[in-house]
Q: 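The structure follows.
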Number of protein chains: 2
Amino acid sequence: MEKTIGRMSLYRRLLLDIEKRGASHVYSHELARVAGIGAAQVRRDLMTMGFSGSPSKGYHVADLIGHIGTAIDPPEQQRVALVGVGNLGRAILAYFHGRRPKLAIVAAFDDDSAKVDKVVHGCRCHPLRAMSEIVPALDITVGIITVPAESAQDIADRLVNLDIKGILNFAPAALRVPPGVFVDTMDITTALEKVAYFARKGR
Amino acid sequence: MEKTIGRMSLYRRLLLDIEKRGASHVYSHELARVAGIGAAQVRRDLMTMGFSGSPSKGYHVADLIGHIGTAIDPPEQQRVALVGVGNLGRAILAYFHGRRPKLAIVAAFDDDSAKVDKVVHGCRCHPLRAMSEIVPALDITVGIITVPAESAQDIADRLVNLDIKGILNFAPAALRVPPGVFVDTMDITTALEKVAYFARKGR
DNA sequence: TGAGCGATGTGATTCAATTCACAATGTGTA
DNA sequence: TACACATTGTGAATTGAATCACATCGCTCA
């Protein structure tokens with residue numbers, strides 16, 4: 001079901017597009033085509049999420065968008081901290097700045113004195129030591145790790161101690177966390193090596 | 001087997017660390033622990049790659065590093081183009097700059113006139129129209145897409161026409177490419193939404 | 001030398017994700 | 001109304017990854 005959740009966010013983006021084009025209904029095979037997957041996959045996903053369409057009209061676009069929202073959006077604002085204000089950290093701050101009111105990066109942390117107390121893309125940068133105060137105060141439940149591999153585990157441990165429940169990790173390191181904390185690692189180096197490999201070998 | 005290839009790159013990083021600490025051999029359960037997975041998984045992966053250890057000594061670290069290298073590294077330099085020199089594009093250029101001689105980003109493309117002909121983190125930025133000349137001239141086989149979602153499919157089509165065989169896509173869009181072209185999409189928004197979801201709901 | 005121990009290598013199994021295939025259903029048409 | 005059609009919803013089959021479990025091997029030590 002984890003994969004299904006991941007696709008919901010994609011479906012919603014595609015549906016917003018479709019809605020903008022003025023269509024009120026969409027067939028599973030249409031949504032599948034733009035999502036680049038099979039129609040059965042789409043129907044299975046929507047079934048898993050408890051959404052029904054009607055035979056011969058398909059799925060009601062606006063309803064489905066709403067349904068996805070209630071299923072995957074936080075009911076009220078969910079707050080995120082970003083640790084490591086390097087190039088990648090700044091890119092992520094820039095990307096999310098003001099984009100999702102419901103899912104906002106509200107604090108950044110970095111020990112580089114050139115960055116501390118600066119406001120980067122709408123987000124103030126604090127020293128690492130301030131984490132233990134700011135994370136609980138702002139009720140932050142998700143962390144984004146964009147520090148070098150060597151410090152990633154240490155940062156993860158500290159975030160876990162501060163009761164963070166989800167981590168999006170960009171460091172090329174396998175984080176170990178206790179059960180109950182969800183981690184997704186996006187390892188860009190590994191991804192590029194994999195793409196390069198299959199570009200050479202095929203499949 | 002795609003997953004196995006993806007883990008090889010991780011194993012190598014961990015093994016380099018282990019080697020640095022002076023160990024000449026490593027057990028599957030040790031490697032598994034630092035990789036955050038099961039020991040059987042590690043053995044299965046190494047078996048898939050045709051590497052053998054010895055019972056009671058484990059795997060020879062230096063040999064294994066070498067074996068992984070010949071398995072997943074390009075025999076000679078493989079060249080990569082990056083399209084879209086925004087915040088994320090720059091972060092990726094900075095990260096890979098000079099890091100992998102065998103897998104080098106050798107050209108960047110962007111139509112923003114403030115960027116064209118500038119050298120960004122060791123990589124010259126060309127206008128998009130120059131792609132059709134530069135990509136074949138430099139024998140580039142892999143593309144990284146860091147443009148907004150709207151233009152991602154267009155860029156992918158152009159790269160495919162220029163005979164690129166692998167694409168690492170950061171745009172939140174499902175790219176459609178002909179068979180024989182490998183695509184990996186790293187959708188940061190979707191990933192963050194997924195992490196936020198499981199941070200709230202658990203598992 | 002040979003018995004015991006702790007690894008590896010791997011067939012068999014489990015588990016999850018995807019795809020198939022078709023009965024059930026709503027819509028349009030005559 | 002009744003029929004034909006295209007689509008949904010979903011059990012069943014398939015695929016693929018991860019895990020289990022154990023026969024086998026190589027050291028070590030008595």
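Computation of the quantities below employed the complete heavy-atom set of this structure, encompassing side-chain atoms and omitting hydrogens, waters and symmetry-equivalent molecules. Below, chains carry the letters A, B, ... as their sequence lines are ordered, and counting in each starts from 1.
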Q: Between the side chain of B:Y27 and the main-chain N/O of B:S56, is any donor-acceptor distance below 3.5 Å?
A: yes
Q: Name the orientation class of the two ring planes belonging to B:F109 and B:H126 (parallel below 30°, tilted from 30 to 60°, perpendicular beyond 60°).
A: tilted
Q: Heavy-atom count check: over 12 atoms from other residues, nucleotides or ligands less than 6.0 Å from B:Q77 CD?
A: yes
Q: For each nucleotide in nucleotides 8-20 of chain C, reading 5' to 3', give B when a protein heavy atom comes within less than 4.0 Å of its base, S when such contact involves only the sugar-phosphate, and - otherwise.
A: BBBBB----SSBB
Q: Are B:R43 and B:D45 ion-paired here, with the side-chain N under 4.0 Å from a carboxylate O?
A: no
Q: What range of DNA chain D does chain A touch, first nucleotide to last, counting atoms under 4.0 Å from its heavy atoms?
A: D:dT7 to D:dA12
Q: A cation-pi test, strictly: NZ or CZ of A:R99 under 6.0 Å from the centre of the six-membered ring of A:Y95 and no more than 45 degrees from its axis. Yes or no?
A: yes
Q: Rounded to the nearest 0.5 Å, what's the gap from CZ on A:R12 to CD on B:E193? Could you check?
A: 5.0 Å
Q: Sub-3.5 Å donor-acceptor pair from the side chain of B:R7 to the main-chain atoms of B:V42, do we have one?
A: no
